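Below you'll find the structure, written out as structure tokens, and then a few comments.
Owing to the predicted nature of the structure, the values given are computational and were not obtained by experimental measurement. Note that the numbering runs from 1 along the sequence shown for the chain. As a basis for the values below, the full set of heavy atoms in this structure was taken, side chains included, without hydrogen atoms, waters or symmetry mates.
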Amino acid sequence: MKTLAEACEYADHILEAARQNPSLILNKFNSTAKWKSIHQKLLDLFLEESTKETTDKLLPMTHLLDKLVAKERLNCLIVNLYPGNEGYSLMLKGRNGGNSETLRLPYEESEMLRYIDNEELPPILIDLLEKCQTNLFYSGCVIVEVRDYRRVSASGSGYDAHHVLLKPSTQSIICDVNALTADSNRWTQDDRTELEAKIVLATSEPLCLDPDITVAILANKLHHQKHKLNTVPMKRSVQRFSQMAVNRRRRFAAGSAPPKLRLFNFITRRKNAAKSTSSVNLNIGKSVVDMWKHPEVDLKSPENVDVFKYAKMLEKPSSLPENTQLVVAEHILETEKTPGKVQCAQITIQQRLLDDVYMGELRVDPETTLEPSRSQGCSFTLGSKADAERYAKQFEQLFTDEGRHPVKIRTFLPGQEPHVSVSHGGVVLSNPLSKQESDLKMPLTKPKKSQMRLALSNTSAAAGGALGMGPAISLPSPVTSQRSEYA
């Protein structure tokens, strides 16, 4: 019994011998019968072409079906492939030589083209071919002439033509059996099965039942050589450049993009527009002289230079240290939430010279003294100038319970006259302080750390809420009895 290696070697030997001298192997298959099938005619034409000598390197045993159709003038079904979106159509020849063409189908309806590509007879064409005036069947097969108008042949005609032999498939055989046994009263199930067996036997190729493993290896090699460019990945790659894929890309490009891709399309159009515009100035340039061709200039350094004439004196840096905090503004708020008891709060806004960051200092005293020993206070970072102004406004709203209590605000700015304003119910009245009131202003002295204590309960909560660092806690609700007015 042959091993697998010996069977492979023997199969390669048979293929090489058939390639060099096919007549030695295929002569025993040559039939002398008067009627020959189309497969036997192709085999005879192959043996005839193999005996011819050629001067070039091209093999003469190619395009056998085209040569057989031209030699015996066989009837063909014509398939026209038109360029662009014109689609494809079928054409049948009549007895008087005229051609009848069907309606053009779009390339998206590719079922017919898939059957032709697989060399199978489409079942949907059987009724049409049987009603044709000319006979198109040869041993159960149909010859199709594909005229591709998308390509121009070397002969100068307006299309490129090639022939394909469509063999009957299982579906077409079932359709033939159903058509022949349409009168079900005369055909039993056994008769249909016997008829189908005879049709399959008549249309199938010769079957080799030799149990030798060399036969299977030869069949696999021949199948691989025939279909090595007809694999699924190759078809998938070819379909990317088919007319259906081109039409799909055109529809997507012409349609409106989804909202998520509008920015991407805008950027792509800008890039394409930038590439299309030429950045090269094609105008005739003026005659210029290169600067590097100028002769060198001999410059002599001056003997005396007045340095103080060209130098600039820099200002002396400030003597203040970088971590010094300058007072920018001070606000003193007074309100009477309980009859006969005035509550006072002082906000001091300072600016650090190191990084121009605004700092805040808050002191709250139930009386109007604001003494460091009795008042409660805390220091915190505000950030920018806008944050400091926003904090002062928010604290004023918290201190007055959003305008429900009147409040007297005294504002002191460096280098400006003090101002007093009264806020009640969202209405603000401002007037400059009198000299007596300005003399009552507390000195802008920073208390010691030992005297500064963190604000308790409502004081710290009010500061945190105004800064946006936590929930704002309003001050105790006022007594709705009598209210004091401030001029």
Side-chain angles (χ1 to χ4, degrees), residues 38 41-42 45 62-169 171-172 175-176 179 226-227 229-230 234-251 254:
I38 189 166
K41 292 180 180 180
L42 290 174
L45 183 60
T62 57
H63 303 287
L64 297 178
L65 187 59
D66 299 341
K67 296 177 181 178
L68 181 63
V69 171
K71 180 180 179 181
E72 299 189 5
R73 296 182 179 181
L74 303 178
N75 299 326
C76 302
L77 173 66
I78 302 174
V79 178
N80 299 318
L81 303 178
Y82 296 102
N85 296 326
E86 298 181 14
Y88 66 97
S89 64
L90 304 179
M91 184 180 296
L92 299 174
K93 292 183 178 180
R95 293 179 180 178
N96 54 357
N99 298 330
S100 58
E101 185 177 4
T102 62
L103 296 176
R104 296 185 181 182
L105 302 175
Y107 286 107
E108 283 74 14
E109 299 180 8
S110 59
E111 183 179 2
M112 187 82 62
L113 300 179
R114 283 199 299 267
Y115 277 106
I116 297 175
D117 190 27
N118 296 331
E119 299 182 357
E120 295 180 356
L121 186 61
I124 57 179
L125 289 181
I126 293 179
D127 296 339
L128 177 64
L129 297 178
E130 288 181 353
K131 296 178 181 180
C132 183
Q133 297 178 358
T134 58
N135 183 26
L136 298 177
F137 289 93
Y138 300 96
S139 304
C141 304
V142 176
I143 302 175
V144 173
E145 180 184 357
V146 180
R147 296 180 179 180
D148 194 353
Y149 288 90
R150 299 171 299 181
R151 303 176 182 177
V152 179
S153 63
S155 60
S157 59
Y159 55 86
D160 183 17
H162 66 279
H163 294 80
V164 181
L165 183 64
L166 302 184
K167 303 176 183 178
S169 60
Q171 295 180 357
S172 63
C175 293
D176 290 339
K226 181 179 181 181
H227 298 281
L229 297 179
N230 198 20
M234 183 65 69
K235 289 182 179 179
R236 193 175 301 165
S237 301
V238 171
Q239 287 177 357
R240 297 176 183 175
F241 304 95
S242 62
Q243 189 63 37
M244 292 185 297
V246 173
N247 295 340
R248 190 182 302 113
R249 286 194 294 267
R250 288 177 180 175
R251 287 196 302 267

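Contact annotation: the side chain of Thr134 approaches that of Leu136 to within less than 4.5 Å [non-hydrogen atoms, C-beta and beyond]. Counting only heavy atoms from C-beta outward, the side chains of Leu45 and Lys67 approach each other to under 4.5 Å. At a threshold of 4.5 Å between non-hydrogen side-chain atoms, the residues Met112 and Ile124 count as touching. By the 4.5 Å heavy-atom criterion applied to side chains, Met91 and Ser100 are not counted as neighbours.
Pairing each heavy atom of Arg240 with each of Ala245, the nearest pair is O-CB, 3.3 Å. Here the closest non-hydrogen pair linking Leu125 and Leu77 is CD1-CD2, 4.0 Å. What you find for His162 and Asp66 is that their closest heavy atoms are C-OD1, 4.0 Å. Scanning both residues, Ser139 and Ile38, for their nearest heavy atoms gives OG-N, 3.4 Å. Across every non-hydrogen atom of Arg251 and Glu108, the tightest pair is NH1-OE2, 4.0 Å. Listed here is the closest heavy atom pair of Leu129 and Val142: CD1-CG2, 4.0 Å.
The CD atom of Glu111 sits 11.0 Å away from atom CG of Leu105, with the distance rounded to the nearest 0.5 Å. To the nearest 0.5 Å, atoms CD1 (Ile116) and CG (Leu165) are separated by 12.5 Å. Leu92 CG to Cys76 SG: the interatomic distance, rounded to the nearest 0.5 Å, is 11.5 Å. Between Lys167 atom NZ and Cys141 atom SG the span is 7.0 Å, to the nearest 0.5 Å. Note: Ser169 OG to Asn118 CG = 10.0 Å, rounded to the nearest 0.5 Å. If you take CD on Glu120 and OG on Ser172, they are separated by 8.0 Å, rounding to the nearest 0.5 Å.
Results of the side chain to side chain contact (heavy atoms under 4.5 Å, CB included) test with Tyr88 over Val146, Asn80, Leu113 single out Leu113 as the only residue that passes.
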- Message: I'd like to know whether Phe137 forms a side chain to side chain contact (heavy atoms under 4.5 Å, CB included) with Ile143, so could you lay out the CA-CA distance, the side-chain angles of the two residues, the decisive distance to 0.1 Å, and finally the verdict.
- Response: CA-CA 8 Å; Phe137 289 93; Ile143 302 175; over 6 Å; no
- Task: For the pair Tyr138 and Asn75, evaluate side chain to side chain contact (heavy atoms under 4.5 Å, CB included) and give the outcome as yes or no after the intermediate values.
- Result: CA-CA 9 Å; Tyr138 300 96; Asn75 299 326; 3.7 Å; yes
- Task: In sequence, state the C-alpha distance, the side-chain angles, and the governing distance for Leu229 and Lys235, and then conclude on side chain to side chain contact (heavy atoms under 4.5 Å, CB included).
- Result: CA-CA 8 Å; Leu229 297 179; Lys235 289 182 179 179; over 6 Å; no
- Message: Using the rule given for side chain to side chain contact (heavy atoms under 4.5 Å, CB included), can you reason through Arg147 versus Glu145, listing the C-alpha separation, both sets of side-chain angles and the distance that settles it, and then say yes or no?
- Response: CA-CA 6 Å; Arg147 296 180 179 180; Glu145 180 184 357; 3.3 Å; yes
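Ion pairing between Arg151 and Asp148 holds under the 4.0 Å rule for side-chain N and carboxylate O. By the 4.0 Å N-to-carboxylate-O rule, Lys41 lies close enough to Glu72 to be salt-bridged with it.
Remark: the backbone N or O of Leu90 is paired with a side-chain donor or acceptor of Thr102 at under 3.5 angstrom. With Gln243 contributing its side chain and Gly84 its backbone, the two residues share a donor-acceptor pair below 3.5 Å. At least one donor-acceptor pair under 3.5 Å links the side chain of Tyr107 to the backbone N or O of Gly87.
Remark: Arg104 qualifies as a cation-pi partner of Tyr82 under the 6.0 Å distance and 45° angle criteria applied to the six-membered ring.
Side-chain polar atoms of Asn85 and Asn247 form a donor-acceptor pair below 3.5 angstrom.
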